[in-house]
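Below is one structure, written out as structure tokens; comments come after it.
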Amino acid sequence: MSTLKDLLANINYNIKGRSPADLELAGLCLDSRQAKQGWLFAALPGSQVDGHDYIEQALANGCSAVLCERWPQKIAAKVCYIKVEKVADALGPLAANFYEQPSQQLALVGVTGTNGKTSTVSLLYRLFKKLGHKVGLISTIENRIDDEVLKSTHTTPNAIELQALLAQMRDAACDYVFMEVSSHAAEQGRIAGAHFTGGVFSNISHDHLDYHKTFKNYIFAKKRFFDQLPSSAFALVNADDKRAEVMLQNCSAKAYRYAQKQLADFRFRLLENSLSGLQLELDGQEFHCSLVGDFNAYNLLAVYATAILLEEPKTEVLRILSSLKPPAGRFEYVRIPNNPVQAIVDYAHTPDALEKVLQTLKATTSTGRIITVVGCGGNRDNSKRPIMAQKAAAYSDLLILSSDNPRFEEPEAILDEMWAGLSKAQQAQTYRQVNRREAIRWACQLAQAEDVILVAGKGHETYQEIKGERLPFDDREELRQALEEQLAKFV
Ligand SMILES: CC(=O)N[C@H]1[C@@H](OP(=O)(O)OP(=O)(O)OC[C@H]2O[C@@H](n3ccc(=O)[nH]c3=O)[C@H](O)[C@@H]2O)O[C@H](CO)[C@@H](O)[C@@H]1O[C@H](C)C(=O)N[C@@H](C)C(=O)N[C@H](CCC(=O)O)C(=O)O
Ligand SMILES: Nc1ncnc2c1ncn2[C@@H]1O[C@H](COP(=O)(O)OP(=O)(O)OP(=O)(O)O)[C@@H](O)[C@H]1O
Ligand SMILES: N[C@H](CCC[C@H](N)C(=O)O)C(=O)O
Ligand SMILES: [Mg+2]
């Protein structure tokens with residue numbers, strides 16, 4: 001087994017306390033409450049508190065090493081203190097060493113972008129499974145070690161959990177791992193130390209300004225992922241997004257572009273976009289699948305291009321791709337027998353996603369009305385709230401503003417901020433109902449036979465987070481029940 005000194009091989013550090021040369025770690029943690037005998041505690045300065053304030057607690061729980069950015073006042077002789085410039089940058093490489101470089105032993109592909117990450121990695125996972133590989137998946141909805149499903153708490157796990165998960169995937173003989181790289185993860189060094197075979201950029205639009213403060217910072221957080229790709233990797237970017245070239249500016253990986261609107265290495269042409277699916281010319285081949293919306297054509301093209309760059313056979317890739325379904329809560333239809341109303345649950349929680357989904361509905365719904373139920377999450381970017389309401393009003397015939405996950409905010413106050421994005425005329429035609437169950441019920445009561453209901457923002461989520469509590473709540477279940485209650489209308 002490696003000593004702590006071995007694990008620090010590629011890291012710049014200073015030492016106090018006991019020597020790392022004869023110290024073998026039993027585990028790693030960044031939460032003092034999870035610390036155990038013989039573990040290393042990484043003291044991360046966070047957004048709420050500073051991990052340095054919890055060093056004593058970690059030691060009381062038996063830790064024998066501490067990774068920190070400044071020396072604690074008390075140095076215990078039996079503990080090894082390692083001081084580095086930034087714990088967030090050192091922790092990933094240390095964790096990768098601890099787990100014996102799992103990402104060097106499989107092909108890891110990361111997908112970043114404001115929207116489309118889960119869709120893309122889920123499609124890649126299913127495609128590569130059907131191509132006969134053992135595959136790992138790291139995503140917002142779930143993590144998978146081939147067929148084994150594990151709960152996901154974040155879109156991208158922290159550096160320790162990520163390396164531990166990759167090690168499990170390596171041990172299960174996975175050849176490929178497809179993972180989402182959130183901007184928070186890139187910024188917080190959660191992916192430091194991971195060796196990528198490829199990186200994909202889907203798009204960037206308004207989100208997370210509560211955390212990144214400016215759009216420029218948000219762009220640079222995503223760019224950090226491309227800056228750290230090795231020269232052996234590929235970097236595949238959506239050239240129709242005007243920030244694609246920024247991603248490539250300091251990237252040493254081999255660049256490839258995909259696009260609809262301009263010349264690129266991989267292209268699609270939209271032949272037909274209807275509520276029953278997409279008809280495309282994909283890389284010169286006629287192609288059909290049941291995924292809806294031109295945004296999904298971009299996701300499919302990114303998946304196809306990734307598979308080709310990983311040297312999978314083109315005909316087989318297209319054949320399998322055309323049979324794939326979207327992941328849970330992404331343009332998911334909810335239908336019940338004898339109720340002709342079309343209802344769709346979608347995870348659109350950004351202005352761009354909401355606009356794209358509604359544009360698709362507008363383009364594919366000829367006779368009926370579009371009825372939208374949408375809210376915005378609490379304790380998240382509040383500058384997107386008026387814009388999301390504006391987009392929803394612009395494309396909907398009937399709009400009901402409701403709660404998403406209010407978290408610790410007042411639901412009515414969130415609605416006020418959304419409301420402010422509407423013109424007086426739009427306000428006069430918009431309903432407000434903070435109770436999401438009631439809002440969905442209203443939508444179903446209002447719907448006539450040809451109408452389409454969109455319930456946006458929560459997608460696959462099976463809870464609603466209110467004042468720190470996660471209460472069971474599933475848009476799809478709520479819709480089913482409310483559509484059921486309305487059956488009498490159609491007999
Ligand atoms: C804003 C953000 O990303 N926060 C993440 C961050 O927390 P933080 O900086 O606030 O941590 P903190 O509470 O200040 O604590 C600092 C350090 O002290 C430690 N601590 C704290 C208390 C204690 O008793 N003992 C102790 O050791 C903590 O473990 C932590 O290491 O580091 C924590 C540990 O890794 C994460 O759990 C936490 O995610 C929070 C829960 C979160 O909600 N994050 C979301 C916004 C997020 O990351 N989302 C992206 C997806 C976004 C998207 O693409 O849509 C994701 O990748 O999931
Ligand atoms: N390529 C795309 N461009 C724009 N919007 C998209 C795209 N793909 C999906 N969407 C929209 O964004 C929503 C979220 O999609 P998805 O879950 O794939 O994104 P994500 O990037 O994983 O989101 P998160 O940051 O929450 O993890 C979808 O429900 C759909 O409305
Ligand atoms: N990854 C996103 C998900 C948002 C989903 C939406 N339902 C909300 O709760 O705001 C976030 O944490 O900001
Ligand atoms: Mg996701």
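Note that these values count all heavy atoms, side chains included, but never hydrogens, waters or copies made by symmetry. Start at 1 and go down the list; that is how both ligands and their atoms are numbered.
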Give a yes/no on ligand 3: does Glu461 have at least one heavy atom closer than 4.0 angstrom to it? yes

Would you mind checking if Asp475 and Arg436 are paired as a salt bridge, meaning a charged N to carboxylate O distance below 4.0 Å? yes

Heavy atoms only: which of Arg380, Gln57, Gln188 lies closest to atom 32 (O) of ligand 1? Gln188

Using a 3.5 Å cut-off on N or O atoms only, is Asp346 in polar contact with ligand 2? yes

Which of the numbered atoms in ligand 3 are under 4.0 angstrom from any heavy atom belonging to His208? 13 (O)

Please report whether ligand 2 has a polar contact with Thr120, defined as an N or O pair separated by less than 3.5 Å (distance criterion only). no

Could you find the nearest protein heavy atom to atom 27 (O) of ligand 1 and give me its residue, atom name and distance? Ser32 N, 2.8 Å

Answer with yes or no whether Asn238 contacts ligand 2, where contact means a heavy atom under 4.0 Å from a ligand atom. no

Heteroatom proximity flag, Tyr54 to ligand 1, N/O under 3.5 Å: no

Can you pull out the closest protein heavy atom to atom 2 (C) of ligand 3? Residue, atom name and distance to 0.1 Å, please. His349 NE2, 4.0 Å

Within-cut-off N or O pair, Gln48 and ligand 1, under 3.5 Å: yes

Any donor and acceptor pair, going by atom type alone, linking the side chain of Asn273 with main-chain N or O of Leu278 inside 3.5 Å? no

Just to confirm my output: which protein heavy-atom neighbour is closest to atom 28 (C) of ligand 1, and how far is it? Leu30 O, 3.5 Å

In the protein, which heavy atom is nearest to atom 56 (C) of ligand 1, and how far is it? Thr155 N, 3.4 Å

Do Asp451 side-chain atoms and Arg369 backbone N/O form a donor-acceptor pair below 3.5 Å? yes

For Lys384, the option from His206, Lys391, Met418, Glu417 that meets side chain to side chain contact (heavy atoms under 4.5 Å, CB included): His206

When you compare ligand 2 with Tyr347, is there at least one nitrogen or oxygen pair between them that comes in under 3.5 angstrom? yes

Among all protein heavy atoms, pick the one closest to atom 10 (N) of ligand 2 and tell me residue, atom and distance. Phe295 CD1, 3.7 Å

re atom 10 (O) of ligand 1, the protein heavy-atom contact at minimum distance is Ser47 OG, 2.6 Å

How far is atom 17 (C) of ligand 1 from its nearest protein heavy atom, and which residue and atom is that? Leu44 O, 3.3 Å

Among all protein heavy atoms in this structure, tell me which lies nearest to atom 18 (O) of ligand 2, with the distance rounded to 0.1 Å. Ser119 OG, 2.6 Å

Which residue and non-hydrogen atom of the protein lie closest to atom 11 (C) of ligand 2, and at what distance in Å? Ala353 CB, 3.5 Å

In terms of relative ring orientation, are His212 and Tyr218 parallel, tilted or perpendicular, with 30° and 60° separating the classes? parallel

Short check: is a protein heavy atom less than 4.0 Å from atom 7 (O) of ligand 1? no

Mind checking whether Asn299 contacts ligand 2 via backbone (N, CA, C, O), side chain (CB onward), both or neither, at a 4.0 Å heavy-atom cut-off? side chain

Could you check whether any side-chain N or O of Asp346 sits under 3.5 Å from a backbone N or O of Phe331, counting only pairs where one atom can act as donor and the other as acceptor? yes

Asn435 side chain to Glu438 backbone, donor-acceptor under 3.5 Å: yes

Mind checking whether Thr140 contacts ligand 2 via backbone (N, CA, C, O), side chain (CB onward), both or neither, at a 4.0 Å heavy-atom cut-off? side chain

Heteroatom proximity flag, His349 to ligand 2, N/O under 3.5 Å: yes

Please list, in number order, the atoms of ligand 2 under 4.0 Å from a heavy atom of Arg330. 16 (P), 17 (O), 29 (O)

Could you tell me the residue and atom name of the protein heavy atom closest to atom 5 (N) of ligand 2, and the distance to it rounded to 0.1 Å? Asn115 CB, 3.4 Å

Could you find the nearest protein heavy atom to atom 53 (C) of ligand 1 and give me its residue, atom name and distance? His208 NE2, 3.1 Å

Does Val49 approach ligand 1 within less than 4.0 angstrom via side chain, backbone, both or neither, non-hydrogen atoms only? both

Any idea which protein heavy atom is nearest atom 48 (O) of ligand 1, and the distance to it? Arg190 NH2, 2.8 Å

Please identify which atoms of ligand 3 are closer than 4.0 Å to at least one heavy atom of Asn405. 7 (N), 8 (C), 9 (O)

Within-cut-off N or O pair, Gly116 and ligand 2, under 3.5 Å: yes

Where is the nearest protein heavy atom to atom 20 (P) of ligand 2: which residue, which atom, and how far? Lys117 N, 3.5 Å

Could an N or O of ligand 1 be found under 3.5 Å from any N or O of Asp50, whether backbone or side chain? no

So for Thr114 against ligand 2, with non-hydrogen atoms under 4.0 Å, the contacting part is backbone

Quick one: nearest non-hydrogen protein atom to atom 42 (C) of ligand 1, plus distance? His154 NE2, 3.9 Å

May I ask you to identify the nearest protein heavy atom to atom 3 (N) of ligand 2, giving residue, atom name and distance to one decimal place in Å? Asn203 ND2, 3.2 Å

Please indicate whether any nitrogen or oxygen in His208 is less than 3.5 Å from any nitrogen or oxygen in ligand 2. no

What about the rings of Phe178 and Tyr125, do their centers lie closer together than 6.0 Å? no

